[in-house]
2 protein chains.
Amino acid sequence: MKQQSPRQQNRPLKLHLTLAQGIGEDILKGTYPPGTLLPNEAEWGRRYGASRTAVREAIKTLVGKGLIGTRPKIGSRVEPRDRWNLLDRDVLAWHCAAMDKKTLLLSVQEARHILEPGIAALAARRRTPAQLNRIASALEGMRGAKSPGLEVEPDIQFHLSLIAAANNELLQPFGGMIEAALANIFEYTSVNHPRPSQAIALHENILKAVARGKPEAARRATEVLLDNTDRILAKGPVPGGRKT
Amino acid sequence: MKQQSPRQQNRPLKLHLTLAQGIGEDILKGTYPPGTLLPNEAEWGRRYGASRTAVREAIKTLVGKGLIGTRPKIGSRVEPRDRWNLLDRDVLAWHCAAMDKKTLLLSVQEARHILEPGIAALAARRRTPAQLNRIASALEGMRGAKSPGLEVEPDIQFHLSLIAAANNELLQPFGGMIEAALANIFEYTSVNHPRPSQAIALHENILKAVARGKPEAARRATEVLLDNTDRILAKGPVPGGRKT
DNA sequence: CAACGATTATTTGTATGATAATTGAACCAT
DNA sequence: ATGGTTCAATTATCATACAAATAATCGTTG
């Protein structure tokens, strides 16, 4: 048999990562608003039963994400929100954990409406055959999915490969946002996707336009898909809700 | 009297930051392509004359930015590019240092064309009076600038406050990109801005549309401004070039 | 000889303790 | 009050030791 209970995801997570996550969530949660001072290193060590070494490494991670800054004799201060790396996978995850899901998903959709149509148009002009292939096989994955849960992963792959096909590295960081969004939309709307076949058709329209090198068609097809996602979201969470 | 001579660049930069910068630049420069292994911690320590502690803190910073991942017995491996936090201020700076400026600026402009019109439209719908004020005073700053160099800072402020006025936190991380872009465009095109008065007029159009709550007008005005910037960029660098 | 299991070696992870550097705050002399 | 000095709190750096993870090696066995 494998691991026992399902609450232990794979590996026990290194101590400094646990600390970074704990402190990061506190910050995103608003426990320490921007401008305020965090407890000092020794104090974090006491709270988590960790050595200063581990605490400092966690803090350096958070500094790397733009959440805090440190100065001798002062301590660690929370940076203003506009310096936060909100698109970072971890930060976004902590944000999800701390924030109302619906509000967050609406923000994500708004950003997607601004970005993805333009990205699809770019992809239609610049995608390589290999990139087109990757998009197509993601779509195949969606078709092949038996349960709605298994549809999410290929869906994510579809959008990630679309972004990759835009061939502009500065747009890649948005992949993390899309990834978090799609995973959470499923969490939120659960099994009540109206008609999976419809979603697949909408994705296929994008693929076709990108394949034929029609930027404007790709843009419009993406807008249609996003509008559809908006409608699914607007229906609100599934009545039963989800446990975890 | 304020600080004295400019010979001391602010502060001697902490050791772990020097390390993070050095290693980060190496990665962005392509010395260690994605998927390859970095030298181990002891080796970095030897190269920089630093303790393992300092090296490890630098590495944790880079992990935080998504550039590398670490595993015991394996070492530090460069992550695939689509996990890099390219919008992070530091990463972007290292990227600038490593890459051809023109190519980078073209990528930035492309991203701006996708993002900023939509952002301006959002801002027209949602800006608060205070946010509108901040945009207006940035424009005033541009007007008041005596030398072209002094015009850059208010220009940056104009765009940052426009992004802020969109009131979508997920769009904020792009501020760093715009910031780096505008600073470098000045570096690149130097003093040969054709007519500052024209640039100011184009910015003013955006402000007016946002003030009047006209999303589509704001979108179009932003597109016009970006097209203008494109033209300035297309002229290429100033013949004399810049020293630094 | 092939496959599998234990051993080993390498690298990162964590802990401890000490010292240096930075800088706000308190203090003191004028 | 003013200006400089000292003090103290906190991060920054170092050295060392040991723990944990895991790829590679080696040896056993079927």
Side-chain angles (χ1 to χ4, degrees), chain A residues 1-3 8-24 26-27 32 35-79 90, chain B residues 1-4 7-24 26-27 32 35-79 90:
Chain A
M1 75 162 76
K2 38 171 56 175
Q3 305 312 315
Q8 180 137 324
Q9 324 88 320
N10 298 344
R11 339 178 181 106
L13 210 54
K14 306 290 177 198
L15 184 51
H16 65 268
L17 292 179
T18 309
L19 272 155
Q21 178 173 320
I23 302 175
D26 279 349
I27 294 175
Y32 306 100
T36 60
L37 278 162
L38 264 56
N40 66 29
E41 296 168 351
E43 171 61 19
W44 285 117
R46 249 170 274 130
R47 292 195 194 173
Y48 282 80
S51 70
R52 241 192 97 200
T53 311
V55 174
R56 282 183 61 78
E57 289 183 357
I59 286 183
K60 286 292 166 291
T61 302
L62 298 176
V63 171
K65 296 181 187 303
L67 294 184
I68 58 183
T70 61
R71 287 171 65 194
K73 158 75 184 181
I74 310 300
S76 302
R77 190 179 294 279
V78 179
E79 296 274 343
D90 299 321
Chain B
M1 176 176 306
K2 37 171 59 171
Q3 305 312 315
Q4 45 179 22
R7 55 190 241 276
Q8 180 137 325
Q9 323 94 311
N10 299 344
R11 329 155 192 132
L13 211 53
K14 306 292 178 199
L15 183 52
H16 65 268
L17 292 179
T18 309
L19 272 154
Q21 177 173 321
I23 302 174
D26 278 349
I27 294 175
Y32 306 100
T36 61
L37 279 163
L38 264 56
N40 65 28
E41 296 169 351
E43 171 62 19
W44 286 117
R46 249 171 274 129
R47 291 195 194 173
Y48 283 81
S51 72
R52 234 190 104 200
T53 309
V55 174
R56 281 183 60 78
E57 290 182 356
I59 286 183
K60 287 293 166 289
T61 302
L62 298 176
V63 171
K65 295 181 186 303
L67 294 183
I68 59 184
T70 61
R71 286 171 65 194
K73 160 73 185 181
I74 310 301
S76 302
R77 191 178 293 278
V78 180
E79 295 275 342
D90 299 321

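Here is how names work: the chains are called A, B, and so on, in the same order as the sequence lines, proteins then strands, and each is numbered from 1. These values consider heavy atoms only, across backbone and side chains, with no hydrogens, waters or symmetry-generated copies.
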K.L.:
Please write out the pairs of protein N or O atoms and N or O atoms of nucleotides 6-14 of chain C separated by less than 3.5 Å, giving the distance to one decimal.
P.N.:
| residue | atom | partner | partner atom | Å |
| --- | --- | --- | --- | --- |
| C:dT11 | O2 | B:Lys73 | N | 3.0 |
| C:dT12 | OP2 | B:Glu41 | N | 3.3 |
| C:dG13 | OP1 | B:Thr70 | OG1 | 2.9 |
| C:dG13 | OP2 | B:Arg56 | NH1 | 2.9 |
| C:dG13 | OP2 | B:Arg56 | NH2 | 3.2 |
| C:dG13 | OP2 | B:Lys60 | NZ | 3.2 |
| C:dG13 | N7 | B:Arg52 | NH2 | 2.8 |
| C:dG13 | O6 | B:Arg52 | NH1 | 3.1 |
| C:dT14 | OP1 | A:Leu15 | N | 2.4 |
| C:dT14 | OP2 | A:His16 | ND1 | 2.5 |

K.L.:
May I ask you to decide if A:Leu37's main-chain N or O and A:Arg77's side chain share a donor-acceptor pair within less than 3.5 Å?
P.N.:
no
K.L.:
Report the C-alpha distance between A:Gln21 and A:Leu13 in whole Å, list the side-chain angles of each, state the deciding distance to 0.1 Å, and finish with yes or no for side chain to side chain contact (heavy atoms under 4.5 Å, CB included).
P.N.:
CA-CA 10 Å; A:Gln21 178 173 320; A:Leu13 210 54; 3.9 Å; yes
K.L.:
When you list every nucleotide of DNA chain D with an atom under 4.0 Å from a heavy atom of chain A, which one comes first 5' to 3', and which comes last?
P.N.:
D:dA9 to D:dA21
K.L.:
Check this for me: does any side-chain nitrogen of one of A:Lys60 and A:Glu57 sit under 4.0 Å from a carboxylate oxygen of the other?
P.N.:
no
K.L.:
Any donor and acceptor pair, going by atom type alone, linking the side chain of A:Arg52 with main-chain N or O of A:Ala42 inside 3.5 Å?
P.N.:
no
K.L.:
Looking only at heavy atoms, what is the nearest atom pair of B:Thr61 and A:Gly64, with distance?
P.N.:
CG2-CA, 4.0 Å
K.L.:
Would you say the side chain of A:Ile23 lies within less than 4.5 Å of the side chain of A:Trp44, judging by non-hydrogen atoms?
P.N.:
yes
K.L.:
So which heavy atom on A:Leu67 is nearest to which on A:Gly24, and how close?
P.N.:
CD1-CA, 4.5 Å
